[in-house]
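Side-chain atoms are counted along with the backbone in the values below, which use heavy atoms only and exclude waters and symmetry mates. Lettering of chains follows the sequences in order, A, B, ..., and the numbering in each one begins at 1. It should be emphasised that the depicted structure is a prediction, and the values quoted were computed from it without experimental measurement.
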Number of protein chains: 2
Amino acid sequence: MTAIKETSTIQENKQYALEKCPVTYVMEKIGGYWKPIIIYHLSSGPLRYSELKRAIPAVTEKMLIQHLKQLEADNLVIREAKPVVPPFVTYSLSASGNGLLPIIEAMATWAFKDKEDGFNIS
Amino acid sequence: MTAIKETSTIQENKQYALEKCPVTYVMEKIGGYWKPIIIYHLSSGPLRYSELKRAIPAVTEKMLIQHLKQLEADNLVIREAKPVVPPFVTYSLSASGNGLLPIIEAMATWAFKDKEDGFNIS
DNA sequence: CATTGTGCATACTTTAGGGTAAGTACTTGT
DNA sequence: ACAAGTACTTACCCTAAAGTATGCACAATG
């Protein structure tokens, strides 16, 4: 993962925001471009790595694996690997990851309504 | 064959994600470092620009005004200026902006629980 | 007459994160 | 022999968003 420079105000401010703001906390966990999409795809059941890859064609392998690793590190998804060859790895949502689904749904509801109402081109 | 890149994949992918994913849509609106914090501070009532500035000392004026402008453009906050000098400008949440509060609350609940459960190394 | 306080604007720099391209190890199929 | 499929890894590049620094117009205050 990208090495973080410990002497940047960006990081300091992120710390501030993380403590002050639960939204930022959540963002840290699901804020990557593909994370919510991955979570969405896993919400209907476990998937293999290659299944995810095919389900989200636009994502590159690097991004997919990177986000999966982060999600795993944050205990949102669970990785299970069978020691066979060719490899057999499945990803599924953890309890914590499942807990995000209502939030995502609430967002979807808001987004839908906002898109409707917002015919106001200012 | 001067292959000048006129379209970035980042933008293409953002488009993809925006259409496919309500979370990304919401992120686009409240995804800035300071936006949720601004919204939080406005949730208890309208504030003047300078009051916001003092309420969130860590934010720079550029970021504050930039995010306020974006929030205004997205119809999440309402700017009201009195044509007096010194200027008197207040910001308040719009109906749409208020609609975000339940989401933020849901996030707060999740974040709180996640922090508790997850005394995970990281 | 210089400072303070309002609410911004704008040029320049940094950095975190996303993207590209290529390689790895191992086996099965042709 | 070689391609294809599995699940990654690594080195490097590019950009959008965040940050730094400064300036503006105006009035009241010391």
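In E51(A), the CD atom is crowded: over 12 heavy atoms of neighbouring residues, nucleotides or ligands sit closer than 6.0 Å.
Residue M63(B) places its side chain closer to dG19(D) than to any other of dC26(C), dA7(D), dG19(D). For W34(B), the side-chain atoms get nearest to dG19(D) when compared with the rest of dG19(D), dC26(D), dT6(D). Here the nucleotide nearest the side chain of P86(B), chosen from dA18(D), dG5(C), dA7(D), is dG5(C). Among dC26(D), dC26(C), dG19(D), the nucleotide with an atom closest to any side-chain atom of V85(A) is dC26(C). Counting only heavy atoms from C-beta on, Y49(A) has its side chain closest to dC8(D) among dG7(C), dT6(D), dC8(D). When the nucleotides dT20(C), dG19(D), dG7(C) are ranked by their closest atom to the side chain of Y33(B), dG19(D) comes out on top.
Between Q66(B) and E61(B), the residue whose closest nucleotide on DNA chain D is further toward the 5' end is Q66(B). The residue among K62(B) and E51(B) whose nearest nucleotide of DNA chain C lies closer to the 5′ end is E51(B).
Within the 4.5 Å cutoff, the side chain of K69(B) has heavy atoms near those of the I65(B) side chain. In this structure the side chain of L100(B) reaches within 4.5 angstrom of the side chain of W110(A), judged on heavy atoms.
When rounded to the nearest whole Å, the span between CD of E28(B) and P of dA16(D) equals 12 Å. At whole-Å resolution of the value, CD1 in I56(A) and C1' in dA7(D) are 16 Å apart. Between the P atom of dC8(C) and the CD atom of Q70(B) lies a distance of 15 Å, rounded to the nearest Å. Put simply, CE on M27(A) is 16 Å from C1' on dG17(C), counting in whole angstrom units. Rounded to whole Å, atom P of dA7(D) lies 11 Å from atom CG of L68(A). The CG-P distance, from L64(B) to dG7(C), rounds to 11 Å in whole Å. Atom CD1 in I38(B) sits roughly 11 Å away from atom P in dA18(D) (whole-Å rounding). In this structure, CD1 of I37(A) is placed 13 Å from C1' of dG18(C), rounded to the nearest angstrom.
Side-chain nitrogen and oxygen atoms of R79(B) include at least one within less than 4.0 Å of the OP1 or OP2 phosphate oxygen of dC8(C). R54(A) has no side-chain polar atom (N or O) that falls below the 4.0 Å cut-off from OP1 or OP2 of dA7(D). Between Y91(B) and dC8(C), a side-chain N or O to OP1/OP2 separation shorter than 4.0 Å is present. One finds a side-chain N or O of S50(B) lying less than 4.0 angstrom from the OP1 or OP2 phosphate oxygen of dG7(C). The side chain of H67(A) contributes no N or O atom lying less than 4.0 Å from OP1 or OP2 of dG17(C). The side chain of R48(A) places an N or O atom within less than 4.0 Å of a non-bridging phosphate oxygen (OP1 or OP2) of dA7(D).
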Query raised in the report: What's the verdict on side chain to side chain contact (heavy atoms under 4.5 Å, CB included) for Y49(B) and L64(B), showing C-alpha distance, side-chain angles and the deciding distance?
Result: CA-CA 9 Å; Y49(B) 173 80; L64(B) 182 55; 3.8 Å; yes
Requested in this report: Before giving the answer on side chain to side chain contact (heavy atoms under 4.5 Å, CB included), spell out for L52(A) and L42(A) the whole-Å C-alpha distance, their side-chain angles and the decisive distance to 0.1 Å.
Outcome: CA-CA 8 Å; L52(A) 271 173; L42(A) 290 180; 4.3 Å; yes
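Side chains of N75(A) and S94(A): no donor on one and acceptor on the other come within 3.5 Å.
Within the 4.0 angstrom heavy-atom criterion, no nucleotide atom of any strand lies near K82(A). Looking at heavy-atom distances under 4.0 Å, K53(B) makes no contact with the nucleic acid at all. Using a 4.0 Å heavy-atom cutoff across all strands shown, I65(A) reaches at least one base atom of the nucleic acid.
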